[in-house]
Number of protein chains: 2
Amino acid sequence: MSRQPTGEDAPSGRARPATSADVARAAGVSRATVSHVLNNQVERFSAETVERVRDAALSLGYVRSAAGRALVMGRSDFVVLVLPYTTFTNVQDVIEVLSSEVEKIGLSPVVHFSVPRAQTATSRRLQHMVETLRPAGVVDLGGLSPHDIAFLDEVGCMLVNGEGQGQQQPDYNTAIGDFQARHLRARGYPTLAYGFLSDARDDPYGQMRADAVAAYCAQERLAPPLYLRVPLEQEGARKVLEEALPRTGVPLAVACYNDLVALALADAAKSLGLDVPRDLAVIGVEYAPFGQVITPRLTTIAADVPVSLSHIIQALDEGFGGFRASEIRVGTAEEAFRIVQGETT
Amino acid sequence: MSRQPTGEDAPSGRARPATSADVARAAGVSRATVSHVLNNQVERFSAETVERVRDAALSLGYVRSAAGRALVMGRSDFVVLVLPYTTFTNVQDVIEVLSSEVEKIGLSPVVHFSVPRAQTATSRRLQHMVETLRPAGVVDLGGLSPHDIAFLDEVGCMLVNGEGQGQQQPDYNTAIGDFQARHLRARGYPTLAYGFLSDARDDPYGQMRADAVAAYCAQERLAPPLYLRVPLEQEGARKVLEEALPRTGVPLAVACYNDLVALALADAAKSLGLDVPRDLAVIGVEYAPFGQVITPRLTTIAADVPVSLSHIIQALDEGFGGFRASEIRVGTAEEAFRIVQGETT
DNA sequence: TTGTATGCGTTATCAC
DNA sequence: GTGATAACGCATACAA
């Protein structure tokens, strides 16, 4: 009886947060009852009791202690969202969408960024996070190394990555490369190339997309695409293009890893006296704002964030109860991505 | 005695994590001793005991349970980093630097993004996070509303925002505006303007920087800067510029909120037949990659991430022990930012 | 220098 | 239908 819950009626601070015991007292029931009611196991209680408990909880501003709960459950209600370093403009939208999904299943999202430049440090950090937070699950958006994944398995932490059970997961990266190649071909370009970031550490998806472009070329009996490794500075980009052109001739059409690569190549082309899109065509991925405020405007691929995440959302739901299984449909690549026609193709 | 710590010697998974009791048993001491040693209260123990405990902990892979610890301490070892929606390219660097600082004080960083488009949802999420995680502190990088801040105070959660105690905090936004204005003046432009994002929700710092530009103009007895609200699409940007020019004449020099605004204006100028930088000069802020792979290359302001965060790092240290106070120096604006001379001024 | 006892807030089990 | 009680893993005041 040493500390009152709402004791010194609030000089605007420091009040000890209400506990389930406080709620129990206020509602005139036991702590066990409070626990049951607040976990929605209401079937066996009188409607009146349920309401009294809920009212009391509400008016006391009671919030279940994650600590107490985690202690007794063995794991917390948190879900870690692991994001790759890749700096796509809409990371925040991705986070937003996934966060709200996590909340729908009654869990709490927590964000974690991978830092490929310091792989071991990142792994250590994630490891520490998992060990101390003991999250209900980890959602992988591409930042996890095989080592990390093995670790999660070892400690028995659930991994959600959209490669879940049944449903073949849509391979969006392949779809993206394929879309780019098809678009360039449809615009009449006979010779394709793929533009990587020169720094592979920043380019987690590039190879898959390039493979898709290569596959398309093979299928269409076109020459296999030349691979360009484009540095993000003018002179380097120009040099790469300068060396490529004699081997491909013009017009050359480049499917680029992202809008930045596309921009660098377009600029390099202009500095070499080439015309875009006549001599060099580029298509990016991202629909970054900068690509839409330049001349020529970038042709690119835009993602519908919620749809492109639907396989993860589905895996998430499957992993935790699957209550919403029926409402969730995994979007096709056609629904998830669309070509934004600019002036560079 | 029902469950062995390393019981069924690892069929590669599911082993119950070691507890302090396991460590105590292995080291032949009591749980209290383990607790003390592992919290670095080693003064009162024999070197041999300390070592035995540490060895045991290490070989068992023991990790303090955040749950148990948080339960008894009243708060967890987590620190929430609250980031504004602003999509500066180097958010991830910022996160990286602050994360490692947080770790140096022995706490664990967790990231939270504000979403101004859904202010109430964001606040609710942060609120929930604070209530359930009961973090040791919250670091505000500009995403918190006054309402959020009041809430933190109410629940007695420590707020770190660099506006801490002594040390006047460097007003970096004012410095940035000032730098831009000085630079433009030094390059010989007589007429200045300020380029906002047209969508103010995405522009948390704009007003402070514009004020700095205005102050500089006043001080230098220049005409007060015209305010441009630049939409991020070509036609809108062109219109804004088109309407501004008759009121300012050429050459006009615009200090921009970020590189994107600068790019949009430069492109608009070209589409109006103006020469950059002769008729229109722009300077951005961010040193975004895209600004360096276009022609003309953007003049901009680059931040030294660690230095520009030094006031927060200091506040962090002050808030939690202050063990490193002597090593930490808050950087001046001159150290934190530098002009990157491109071809647009 | 070390051990004992207690409490933190929650949930599960079982008795009523 | 409801309540008492025993864990969960840790930190700490206090006893030895």
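What you see is a predicted model, and the numbers here were worked out from it, not measured in a lab. Hydrogens, waters and symmetry mates are skipped; everything else that's a heavy atom, side chains included, is used. Each chain gets a letter, A, B and so on, in the order the sequences are listed, and its residues count up from 1.
- As rounded to whole Å, 13 Å separates atom C1' of D/dA11 from atom CZ of B/Arg75.
- Distance CZ (B/Arg25) to C1' (D/dG9): 13 Å, rounded to an integer number of Å.
- In this structure, A/Val29 reaches the sugar-phosphate backbone alone: every heavy-atom distance under 4.0 Å involves primed, P, OP1 or OP2 atoms, never a base.
- OP1 and OP2 of D/dG9 both lie 4.0 Å or more from every side-chain N or O belonging to B/Thr19.
- No hydrogens or angles considered: a donor-acceptor pair under 3.5 Å links the side chains of A/Thr49 and A/Ser46.
- Atom CD of B/Glu43 is separated from atom NE2 of B/His36 by 11.0 Å, given to the nearest 0.5 angstrom.
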What string of B, S and - do you get for nucleotides 11-16 of chain C, 5' to 3', when a contact is any protein heavy atom under 4.0 Å? BB----

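- Look at CD on A/Glu131: it is 12 Å from P on D/dC10, rounded to the nearest Å.
- OP1 or OP2 of C/dT1 has not a single side-chain nitrogen or oxygen of B/Thr49 nearer than 4.0 Å.
- Proximity of A/Thr33 to the phosphate of D/dG3: a side-chain N or O atom is located under 4.0 Å from OP1 or OP2.
- Scored by the side chain to side chain contact (heavy atoms under 4.5 Å, CB included) test, B/Asp77 finds B/Arg64, B/Arg69, B/Leu107 as partners (sequence neighbours excluded).
- A sub-4.0 Å separation between OP1 or OP2 of D/dT2 and a side-chain N or O of A/Ser46 is present.
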